[in-house]
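Chain naming here is simple, since letters A, B, ... match the order of the sequence lines and numbering starts at 1 in each. Quantities reported herein were computed from a predicted structural model and do not represent experimental measurements.
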Amino acid sequence: MHHLCAELYPICRSITGDGVRQTLEILRRKLPIEVHEVPSGTRAFDWTVPPEWNIRDAYVLDRDGRRAIDFRRSNLHVVSYSVPVHERCAVEDLKAHLFSLPDRPTWIPYRTSYYERQWGFCLAHADLERLTDAEYDVVIDASLEPGSLTYGECVIPGSEDEAGEVLLSSHICHPSLANDNLSAMVLSAFIGAALRAVPLRYSYRFLFAPGTIGSIVWLARNEDRLGRIRHGLVLTGVGDQGPFTYKRSRRGDAEIDRVVAHVMRRCASDAKIVDFSPYGYDERQFCSPAFDLPVGRLGRTPHAEYPEYHTSADDLAFVSPEQLGDSLRVTLEVIATLEGNRRYVNTNPKCEPQLGRRGLYRAIGGNLDREAVEMGLLWVLNLSDGSHDLLAIAERSALPFAAIRSAADALIENALLVPVPES
Amino acid sequence: MHHLCAELYPICRSITGDGVRQTLEILRRKLPIEVHEVPSGTRAFDWTVPPEWNIRDAYVLDRDGRRAIDFRRSNLHVVSYSVPVHERCAVEDLKAHLFSLPDRPTWIPYRTSYYERQWGFCLAHADLERLTDAEYDVVIDASLEPGSLTYGECVIPGSEDEAGEVLLSSHICHPSLANDNLSAMVLSAFIGAALRAVPLRYSYRFLFAPGTIGSIVWLARNEDRLGRIRHGLVLTGVGDQGPFTYKRSRRGDAEIDRVVAHVMRRCASDAKIVDFSPYGYDERQFCSPAFDLPVGRLGRTPHAEYPEYHTSADDLAFVSPEQLGDSLRVTLEVIATLEGNRRYVNTNPKCEPQLGRRGLYRAIGGNLDREAVEMGLLWVLNLSDGSHDLLAIAERSALPFAAIRSAADALIENALLVPVPES
Amino acid sequence: MHHLCAELYPICRSITGDGVRQTLEILRRKLPIEVHEVPSGTRAFDWTVPPEWNIRDAYVLDRDGRRAIDFRRSNLHVVSYSVPVHERCAVEDLKAHLFSLPDRPTWIPYRTSYYERQWGFCLAHADLERLTDAEYDVVIDASLEPGSLTYGECVIPGSEDEAGEVLLSSHICHPSLANDNLSAMVLSAFIGAALRAVPLRYSYRFLFAPGTIGSIVWLARNEDRLGRIRHGLVLTGVGDQGPFTYKRSRRGDAEIDRVVAHVMRRCASDAKIVDFSPYGYDERQFCSPAFDLPVGRLGRTPHAEYPEYHTSADDLAFVSPEQLGDSLRVTLEVIATLEGNRRYVNTNPKCEPQLGRRGLYRAIGGNLDREAVEMGLLWVLNLSDGSHDLLAIAERSALPFAAIRSAADALIENALLVPVPES
């Protein structure tokens with residue numbers, strides 16, 4: 001996962017442009033992503049797809065002809081969506097276009113100006129203070145012209161069409177920033193690759209799109225199929241050293257919210273679970289009131305709660321292979337729990353069935369202890385009245401979900417349990 | 001406010017009689033109160049309007065012809081609704097009619113006997129102990145005859161008839177007691193005067209009535225319009241040094257309950273909020289099970305929780321201009337929040353609207369910080385699905401109500417929000 | 001109660017057989033229990049009534065002809081439902097059929113094998129270690145043949161047929177174990193005797209049946225009358241020194257759950273109240289999902305939480321007359337609260353009725369203090385809107401149930417309250 005991050009790191013991405021296309025092309029080696037192009041000017045609810053932005057070079061030349069700021073050294077140097085410039089500037093005029101972090105004098109900040117036509121450079125504050133010439137030549141060799149917005153999508157079909165879809169979404173619009181957002185798109189691609197290898201109940205829809213405008217465009221183009229989305233996660237910032245943070249869906253008690261909370265209690269007890277708020281990543285759109293999709297957000301330290309956020313310090317050293325791997329492990333556990341969670345009906349609901357006669361107490365192998373097995377059987381039988389799902393049974397019994405799931409499997413085999421049809 | 005208390009203080013009020021009429025006449029200088037007279041004998045649910053009581057003079061003469069107890073020195077000396085008396089009494093017989101507070105030997109208690117025909121005097125225990133003559137002449141020059149019960153009412157109309165009414169009720173039946181009940185009737189009159197000067201959504205109905213029988217008579221005469229009362233407050237004891245106490249309506253989660261709790265958290269964090277109980281002031285009647293009106297009770301230290309309650313020590317020095325003013329300020333804040341609280345529907349509920357394009361991030365002035373403004377806009381848009389009122393949005397977002405209200409105003413101006421019609 | 005335990009103690013009970021019949025015969029001296037016989041082979045849901053088991057004698061003879069293990073000394077020595085045996089065994093073969101408690105070397109464990117045809121002996125570990133002969137003669141003089149399962153039932157009719165029934169169930173299948181289960185069957189018989197002497201609203205159904213198979217058979221034979229069961233308790237282990245443990249019904253908030261919690265707070269504040277789980281005694285069957293009866297379980301220390309459980313140490317010394325008496329007292333208080341709890345409607349719901357006129361403030365005698373009486377009247381009037389029962393009023397007012405019940409009685413006498421018809 002870290003190698004893939006490293007390969008994607010140098011590319012200059014924005015909300016449109018060739019950087020996004022190159023990124024999707026690389027991710028396609030891991031997952032068969034379908035690439036969609038949506039022309040500039042296309043309406044999407046209250047929004048319009050902007051012109052496409054591409055950049056070839058940008059620099060600020062001092063009087064000696066040296067590149068005092070050089071896009072080739074870091075694509076963060078140029079404010080994303082800067083209009084083309086080719087002019088000589090007095091140093092004071094230039095400084096009105098420069099952004100730095102006086103508190104972190106060696107870090108380059110990350111800035112954008114998607115919907116206001118501007119230009120600008122970001123640089124280390126130490127470098128800004130070295131700009132002592134009276135005049136500079138400023139060049140931004142970029143284009144901002146009708147083109148298209150690019151996003152990628154991949155659907156892994158499940159075995160039960162009526163089970164619907166799980167949406168996994170990550171944004172792909174940031175340039176050389178490793179945790180925000182390379183870590184999440186790589187995690188998403190690895191999850192996809194893992195899921196293709198196993199039988200699935202749900203279909204899984206992976207969305208790789210630029211933030212905000214990308215998800216809005218996708219929602220506008222897919223409005224008629226949103227009813228099929230049963231659960232979803234926005235993935236962001238999954239490579240840093242912090243514990244997991246899960247932000248609940250707007251509903252607050254959606255199945256995905258319950259599943260993540262359960263998995264975190266077992267697998268990552270230092271995880272923080274926070275309520276929905278309408279600020280953040282693309283959950284803002286998925287959870288807007290007309291859609292109110294059951295989509296939460298999973299990541300580690302939330303954006304803006306670590307100083308490296310949106311600076312050059314969010315680099316490849318900031319994300320670790322261990323954390324990326326741990327994020328993959330936990331997310332797959334969430335998915336396994338979603339897959340295994342279901343409501344059943346006890347076919348013998350009048351008194352207990354005679355389990356001993358069926359040899360059921362010993363029917364369940366594995367390393368679950370015998371008491372958990374027996375209690376799991378009794379709990380599943382007692383609460384499988386059609387209104388409790390297995391997760392609810394696990395929570396109420398304080399048994400691991402795996403024990404409950406195994407108990408259910410044994411009971412199904414003995415015709416003591418049948419699934420409630422998907423509604 | 002304190003001056004008005006001082007002017008009202010000497011009047012001998014009871015549940016009927018000229019003291020009530022004089023009181024309303026003085027309050028009318030502040031608020032155009034309409035005076036209602038209800039004849040003795042009128043039925044009101046399980047109750048009957050009693051005969052009217054008026055008193056001119058009362059005293060107990062000792063053997064030297066001196067007034068050992070003198071109504072002219074304090075109207076608390078006579079048990080309210082005492083029948084007329086003119087007789088000589090042995091001191092032991094007299095003492096059966098005397099009430100004092102041995103624990104507080106300099107305070108005169110306050111006693112009534114509305115529905116049992118009796119007579120009596122209240123006096124300082126120290127004075128009672130000085131009654132050493134063998135006989136006394138007792139005179140109560142009072143009348144208890146068919147007349148009427150008097151109450152006052154003032155309605156300040158709001159701009160939206162379908163919004164309904166807010167009821168503000170205070171009792172006016174106590175003689176020279178300053179906190180209980182002059183403070184509240186004066187607060188009510190000042191609120192009325194303040195509201196007449198501003199545009200209002202709700203109509204405001206001010207009720208100045210004797211306790212218990214007065215509110216029962218009013219309810220009986222207004223039963224057909226009770227459905228118009230959307231919120232209400234019984235005001236009592238608002239001038240003492242204690243923190244606010246709010247007693248919830250019987251419903252417990254009425255909008256008035258939520259509004260007062262919110263305002264108290266912001267304006268008077270030492271306030272105590274207590275559950276409804278069927279004992280207290282006229283909330284007992286407003287919250288009787290057939291009506292169950294959304295009426296809470298607002299005051300400072302609850303009756304019977306301060307020793308001065310129902311004694312001569314509840315005098316003008318016991319209430320302070322500062323506390324009266326603070327009660328006015330907080331009650332007007334409650335009303336402002338009620339006025340501003342409403343449910344809206346986001347007209348652009350599919351994804352976020354593009355706020356930047358509308359300049360909305362800067363559209364809200366005042367001294368609210370920028371982040372609160374932006375978050376306020378996002379919260380109002382996200383939760384304005386017709387089921388959350390602005391107060392619920394303020395609570396969930398942990399933002400001040402004013403920030404949420406300002407955000408809603410800016411969104412309304414931009415046609416992004418429309419009110420849910422009053423039901 | 002302890003004497004009755006002592007009389008029942010020596011009998012060898014199992015899930016069928018003459019021991020059960022003798023036990024019921026003795027209990028019938030206290031309560032007119034009707035005895036039911038259900039033939040072996042009868043189907044009951046997923047179960048079948050097993051053959052009847054009776055035992056006359058059993059022993060293990062050493063080479064000197066002495067009884068190394070002797071059923072006549074303790075009926076725990078034989079595994080319940082052991083098949084008949086008459087054979088000589090090598091000591092190693094014998095030991096495969098022996099059960100002891102190495103941790104408690106002087107205690108005899110209690111073992112059963114109802115549905116697997118086996119034989120075995122239980123003995124003190126110290127005695128097991130003394131079995132040093134090479135061979136032993138093993139005799140179990142038992143019969144396991146078609147017969148019947150025996151259970152007892154007694155109904156004490158209440159005055160209101162539409163009020164339905166209260167079920168009190170205890171198991172009667174254990175041999176010489178005092179706390180589990182003599183204490184509970186004796187408690188049940190004493191409760192029955194007490195209830196026969198007083199007027200009752202509900203009918204009371206006492207069930208004395210072998211554990212699991214007995215309650216399953218009873219449920220199968222009474223399926224059509226289960227709707228009449230409004231409340232129920234499984235009684236077990238009520239004679240040990242531990243505090244009460246109440247296990248809620250599967251519903252968790254049934255009236256019986258609320259009543260027991262209320263009574264415990266007042267009478268046994270060290271009681272533990274735990275949630276339903278599908279393991280335990282016959283609440284497993286009563287609370288199976290198709291029935292979901294409002295039946296909780298009342299006892300003292302739960303089974304398996306005391307070391308004496310299912311061993312010879314659960315003897316007559318382990319249960320005390322004081323604890324048995326206390327269990328009777330508390331259970332009767334629960335029943336009194338159930339009997340007194342009901343929903344009423346205030347006939348004068350518009351404002352308060354004039355209580356003083358009716359002399360109601362003084363109408364209630366006893367040792368309740370005056371304030372509790374007055375507040376009780378006001379609370380009952382205010383909350384008797386048909387949706388609150390008296391227990392809910394007691395809880396919300398924080399007054400004792402007895403005060404609320406007395407207030408309701410006084411109001412009923414004054415025609416201010418009428419019961420909501422039983423539904």
Side-chain angles (χ1 to χ4, degrees), chain A residues 15 42-50 81 112-118 169 207 209-227 234 247-252 274-293 295 297 303-304, chain B residues 343-364 368-390 392-400 403-404 406-408 410-420:
Chain A
I15 56 172
T42 304
R43 296 296 312 260
F45 303 127
D46 195 48
W47 299 67
T48 306
V49 174
Y81 260 68
T112 69
S113 184
Y114 301 137
Y115 299 100
E116 219 167 313
R117 291 179 86 88
Q118 282 192 356
S169 166
L207 179 61
T212 307
I213 184 67
S215 59
I216 292 171
V217 163
W218 182 84
L219 283 161
R221 289 161 60 108
N222 292 276
E223 203 177 340
D224 59 344
R225 67 147 58 96
L226 298 182
V234 168
K247 176 177 163 180
R248 290 189 184 95
S249 74
R250 182 178 183 270
R251 302 180 186 184
V274 300
D275 277 328
F276 178 77
S277 76
Y279 191 68
Y281 289 93
D282 286 333
E283 69 275 13
R284 296 163 69 155
Q285 314 309 332
F286 298 126
C287 297
S288 56
F291 303 135
D292 195 20
L293 294 176
V295 172
R297 191 185 80 203
H303 62 281
Chain B
R343 284 178 299 133
Y344 293 92
V345 173
N346 176 345
T347 60
N348 187 91
K350 296 179 179 177
C351 299
E352 294 171 8
Q354 206 180 347
L355 297 176
R357 167 157 68 82
R358 294 176 173 85
L360 257 173
Y361 282 132
R362 266 137 296 163
I364 300 171
L368 298 162
D369 66 75
R370 187 162 171 274
E371 200 189 340
V373 168
E374 290 185 25
M375 288 305 294
L377 292 169
L378 294 176
W379 275 109
V380 171
L381 286 167
N382 190 271
L383 292 183
S384 286
D385 52 10
S387 72
H388 300 84
D389 60 17
L390 294 185
I393 300 175
E395 301 274 336
R396 183 152 164 191
S397 67
L399 291 170
I404 293 298
S406 298
L411 293 169
I412 289 166
E413 234 173 81
N414 281 270
L416 287 169
L417 211 61
V418 292
V420 174

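Rounded to the nearest 0.5 angstrom, A/R284 CZ and B/N382 CG are separated by 10.0 Å. Atom OG of A/S288 and atom CG of B/D385 lie 11.0 Å apart (nearest 0.5 Å). Taken to the nearest 0.5 Å, the OH atom of A/Y115 stands 10.5 Å off from the CZ atom of B/R357. Residue A/F45 holds its CZ atom at 14.0 Å from CD of B/Q354, rounded to the nearest 0.5 Å.
Counting heavy-atom pairs closer than 4.5 Å to chain B, the top residue among A/P278, A/A44, A/A220, A/A290 is A/P278. For chain A, the option among B/P353, B/P349, B/S384 with the highest count of heavy-atom pairs below 4.5 Å is B/P349.
Residue contact with chain B, scored on non-hydrogen atoms closer than 4.5 Å, involves the backbone and the side chain of A/I216 alike. For B/L381, the part sitting under 4.5 Å from any heavy atom of chain A is the backbone (N, CA, C, O) and nothing else. Looking at A/F276, both its backbone and its side chain come within 4.5 Å of chain B, counting heavy atoms on both sides.
What you find for A/W47 and B/E352 is that their closest heavy atoms are NE1-O, 2.7 Å.
Looking only at side-chain heavy atoms (C-beta outward), B/W379 and A/S277 come within less than 4.5 Å of each other.
For OH of A/Y279, the number of neighbouring non-hydrogen atoms (other residues, nucleotides, ligands) closer than 6.0 Å is 12 at most.
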